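Values below: all heavy atoms of this structure, side chains included; hydrogens, waters and symmetry mates excluded. We name chains A, B, ... by the order of the sequence lines, and we start the count at 1 in each one. Bear in mind the structure is a predicted one, so any value in this text is a computation, not a measurement.
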Amino acid sequence: MDSPFPPARVPDGDAPDYLARLNPEQRAAIETTDGPLLVLAGAGTGKTRVLTTRFAHILLSGRARPNQILAVTFTNKAAREMRERIGALLGAPVEGLWLGTFHSLCARMLRRHAEYVGLSSSFTILDTDDQIRLLKQVIEPRRIDTKRWPPQGIMGVIQRWKDRGLTPQRVSKAEDSDFADGKCREIYADYQKRLIQLNACDFGDLMLHMTEIMRTHPDVLAQYHRFFRYILVDEYQDTNTIQYLWLRLLAQRGEGPANICCVGDDDQSIYSWRGAEVENILRFERDFPGAHVVRLERNYRSTRQILGAASGLIAHNEERLGKTLHPGREDAEGEKVRVISVWDSDDEARMVGEELERLHNDGHPLSECAILVRAGFQTRAFEERLITIGLPYRVVGGLRFYERAEIRDALAYMRVLSQPSDDLAFERIINVPRRGIGNTGLQKLHLHARARDIPLTAAVLEMLAAGQIKGRAREHLAALMKCFGQCREDLPREGHVVVVERLLEESGYLDMWKADKSPDAPGRLDNLKELVRALADFESLGGFLEHVALVMETEENAGNERLSIMTLHGAKGLEFDTVFLPGWEEGVFPSQRTLDEGGAKGLEEERRLAYVGITRARLRAIISHAANRRIYGNWQSAIPSRFVEELPPEYVHATGDATRARHNAAMRSPVFGATPFPVVARRRAVVDVTTSDTPARKTAFPIGTRVFHQKFGYGTVTSVEGNRLEVAFEKAGPKRVIDTFVEQVS
DNA sequence: GTGGAGCGATTTTTT
DNA sequence: ATCGCTCCAC
């Protein structure tokens, strides 16, 4: 240790105060600094705390300087959180950390060694849309039936190969038989070639190129070996093969065992479908001989009842390292996990709504409640119900900011502004708004560009000059190119914020949305405003675009007093006082797809998902299953999920609500219970609104106010009753809504 | 080049 | 049922 940080070492014997309030296992996980270490961190056992304290401990004990620790996470959110907490522990923000996602760290490394794979260090990182667009170009000349073999499917095959660390040369013929008549390998090779020509990378390439460089250039690898003294990995159970290879290259140096610490939980491995290999964590001790293993099993989050139910459930899995959660607090007895049987999915939504109202009225904050579903289609029933009873919610997940069409369009404009040779970006916006360039026009442009070996923008200029573009397209394109040219010229003088704003204005892009009559157009304009605002946080356009490519998220307005609806996958890492777990039926959860093709492994993963769901709850977990559910338009009867049976009965309170459910159903449909009568259901909904004891407030929306609603669009208030409005929506017709769901428009 | 009709798919999501 | 995408006719 030539250069301790900070200079003063913590004296042995006296434990420094950042270690004081940790339990013995947590301390072991932190103080076992040298050699390979696997920390099996059960849900709610203080994983992040261990990770960040360990990081701080390595620094404060003088074992390494900040830039000698490599700390890897999966999401930007996790990286950000870690950075903040380390800063808090050290009392000051630390600069120059190698702390980030696998992909951002690889991007950073790859910029230094890009030339080894034929890229220049200014390579661009493509988003999913660009990838598909490029792949389509590669597929096109090959006479492949894109009905049978859609580009997305081929992209999936390629990505899987990349996940496994296979460059086109490394893909064996045998690997490439099933999909697209065995042409995937050629397509993959072409696609990679085109990426290099464009000086671009997709996400998989960041890992693939960097791993390939380290594999084939021992000098580069040695450099990183000298550089990184300690490696920390979060969520190790989610690593795929390429991430594993990348880590192993960095960790397995010749002299002595590596200081690699992987933190994870095999029971929370739920991402095999995107390439994650649970085996990586199961195999850790064999991969790193002499590894220490620390189990964190004291849970400080949930009640004893919840932990008992979750542990009993996960014990049905075979493939696991084995861990049992114990309550960390003595007072954590709690209520039993409730299992509620209902008649159909409408009853389920109604039941959840009623429970939520009760909790809300008892003073439990809605922000501490969540509905966790297996699949996206389940959210709709709950949304409708919550709108009816007027409980504010938000659906977490959905499309994120940078995935929205208008944001991607605007970013494409910026990319062309900053890099005229960015063909994929230019292709995206050349006809947005409509400029009279269709498929054939674009083909001609491509032909010209390829023939002259120039970017598309240059091809446009040449073809305009040569009079090869006619009619309306000619004027529009000339105007567009002039606009880009002018903006590019103004950029250094006026700054990127002003110029981008002008570009979006003068190119006609903003006008396109202003003229759009659809209900979500105003929201899109707001998003664009937000995007331009975010631009100001960066010094240059290039810096902003790099950030966006890697960090595809913005801080969502958290909306404090709202309950959350999200998928179980989306809930991983979060916690709530109260968690609703609806749809525990065979075919929904576990999902039909898994039952059909996932085998025993798939089922175990579904069970882990159930385990993740239950362990999100601090105080209350409410599981429900319906006897009948509408799937893709028709009603189907369903039996309770096997996971319900697997819950240990001593921790469960089953509300045998089947009687009431059947009664409700009988009232609704005298002949066949399985086909509920929607009209009655709707009337019941209205009754519920008026009998609800949610206090009515004074509303700020007098009759005649023009309002906007996220789901229903524009409308005019026709009557007011406390905080409940009746609004005549222009598109959706008359609806009753709660005032918090609409905003006034002028 | 644009817009409408018909077709098929429809778990989970990050970077 | 619903949405998104492709194909075809104007």
Side-chain angles (χ1 to χ4, degrees), chain A residues 72-79 100-107 125-128 130-132 136 145-148 150-153 156 159 162-163 201-208 234-235 238-240 242-243 269-276 372-381 396-400 402-403 405 430-431 433-444 470-473 476 546-553 566-573 583 587-598 602 605-606 608-610 612-613 630-635 678:
Chain A
V72 198
T73 64
F74 271 86
T75 63
N76 293 301
K77 194 174 154 221
T101 62
F102 277 102
H103 296 271
S104 66
L105 291 168
C106 274
I125 300 163
L126 301 187
D127 66 25
T128 326
D130 294 330
Q131 288 176 41
I132 295 293
K136 279 182 179 161
D145 181 3
T146 50
K147 267 254 167 65
R148 236 182 116 203
Q152 284 84 351
Q159 256 160 6
K162 289 188 176 179
D163 284 346
C201 262
D202 66 17
F203 279 111
D205 285 339
L206 294 172
M207 299 265 4
L208 189 69
D234 190 15
E235 306 278 20
D238 288 338
T239 49
N240 60 29
I242 184 85
Q243 288 157 344
S269 162
I270 54 174
Y271 284 112
S272 72
W273 49 272
R274 66 179 197 212
L372 308 184
V373 296
R374 173 69 246 267
F377 72 85
Q378 290 172 269
T379 62
R380 218 191 58 202
V396 184
L399 270 195
R400 281 176 309 282
Y402 287 112
E403 285 169 359
I430 187 168
N431 205 30
R434 298 265 134 98
R435 295 194 177 90
I437 311 293
N439 237 310
T440 39
L442 196 58
Q443 290 309 318
K444 276 186 208 151
K470 307 231 151 45
R472 227 173 8 166
H476 280 134
E546 167 84 1
H547 166 82
V548 168
L550 285 167
V551 187
M552 294 284 274
E553 56 181 85
M566 62 180 104
T567 63
L568 288 160
H569 284 91
K572 188 166 152 219
V588 177
F589 187 35
S591 78
Q592 195 56 51
R593 189 95 153 228
T594 301
L595 292 174
D596 291 344
E597 49 202 64
E605 182 151 317
E606 295 278 304
R608 292 195 288 265
L609 202 48
V612 167
R630 199 159 63 172
I631 293 171
Y632 307 136
N634 21 334
W635 286 92

Separation of B:dT15 atom C1' from A:Y271 atom OH, nearest Å, is 12 Å
Heavy atoms under 4.0 Å, any strand shown: does A:S591 hit a base, just sugar-phosphate, or nothing?
base
Any heavy-atom pair between the side chains of A:I270 and A:L609 that's under 4.5 Å?
yes
Main-chain N/O of A:D202 paired with A:Q131 side-chain donor or acceptor, under 3.5 Å
no
May I ask you to evaluate whether A:R593 reaches the phosphate of B:dT11, defined as a side-chain N or O under 4.0 Å from OP1 or OP2?
yes
The residue, A:T594 or A:L206, whose nearest nucleotide of DNA chain B is more 5′ is A:T594
A:Q152 CD - B:dG8 C1' separation (whole Å):
14 Å
Classify the nucleic acid contact of A:G441 as base, sugar-phosphate or nothing, counting any heavy atom under 4.0 Å across all strands shown.
sugar-phosphate
Counting just side-chain N and O atoms, does A:T128 come under 4.0 Å of either OP1 or OP2 of B:dT15?
no
Just to be sure I understand the rule, does A:Y632 reach a base, reach only the sugar-phosphate, or reach nothing, if contact means heavy atoms closer than 4.0 Å?
base
Within this structure, what is the CD-to-P distance between A:Q131 and B:dT14, rounded to whole angstrom?
15 Å
Nearest-angstrom distance from the residue atom CG of A:L550 to P of B:dT14
15 Å
Taking only side-chain nitrogens and oxygens of A:T440, does any of them come within less than 4.0 Å of OP1 or OP2 of B:dG1?
yes
For a 4.5 angstrom cut-off between non-hydrogen side-chain atoms, does A:M566 reach A:L372?
yes
What is the distance, to the nearest angstrom, from the CD atom on A:Q243 to the C1' atom on B:dT13?
13 Å
Rounded interatomic separation in angstrom, taking CZ from A:R435 and P from B:dT2
11 Å
Hey, does A:N439 reach any base, or is it just sugar-phosphate, or nothing, if we go heavy atoms under 4.0 Å?
sugar-phosphate
Can you identify which nucleotide, out of B:dT15, C:dT2, C:dT6, has its nearest atom closest to the A:R380 side chain?
C:dT2
In whole angstrom, give the distance that lies between atom CD of A:E235 and atom P of B:dT13.
15 Å
For A:Y271, check ring-ring contact (aromatic ring centres under 6.0 Å, His included) against everything at least two apart and list the hits.
A:W273, A:H569
What nucleotide among B:dT11, B:dT2, B:dT13 has an atom nearest to a side-chain atom of A:N431?
B:dT2
How many whole angstroms separate atom CD of A:E546 from atom P of B:dT15?
15 Å
For nucleotides C:dC3 and B:dT12, find the distance between their P atoms and express it as a whole number of Å.
15 Å
Can you tell me how far the CG atom of A:D238 sits from the NZ atom of A:K572, to the nearest 0.5 Å?
3.5 Å
May I ask you to say what A:D127 touches in the nucleic acid, namely base, sugar-phosphate or nothing, with a heavy-atom cut-off under 4.0 Å?
nothing
Comparing A:F203 with A:E606, nearest DNA chain B nucleotide closer to 5' gives the residue A:E606
Could you work out which one of B:dT15, B:dT13, B:dT11 sits closest to the side chain of A:R274?
B:dT13
Relative to each other, are the rings of A:F203 and A:H103 parallel, tilted or perpendicular (30° and 60° limits)?
perpendicular
Could you give the distance separating B:dT11 and C:dG4 at their P atoms, to the nearest angstrom?
15 Å
Would you please confirm or rule out a distance under 4.0 Å between OP1 or OP2 of B:dG3 and any side-chain N or O of A:R434?
yes
To the nearest 0.5 Å, atom CG of A:N240 lies from atom NZ of A:K162 at 13.0 Å
Using only side-chain N and O atoms of A:Y402, determine if any of them is under 4.0 Å from OP1 or OP2 of B:dT14.
no
Closest listed nucleotide, where the reference is the side chain of A:H569 and the choices are B:dT15, B:dG1, B:dT12:
B:dT12
Heavy atoms under 4.0 Å, any strand shown: does A:G397 hit a base, just sugar-phosphate, or nothing?
nothing
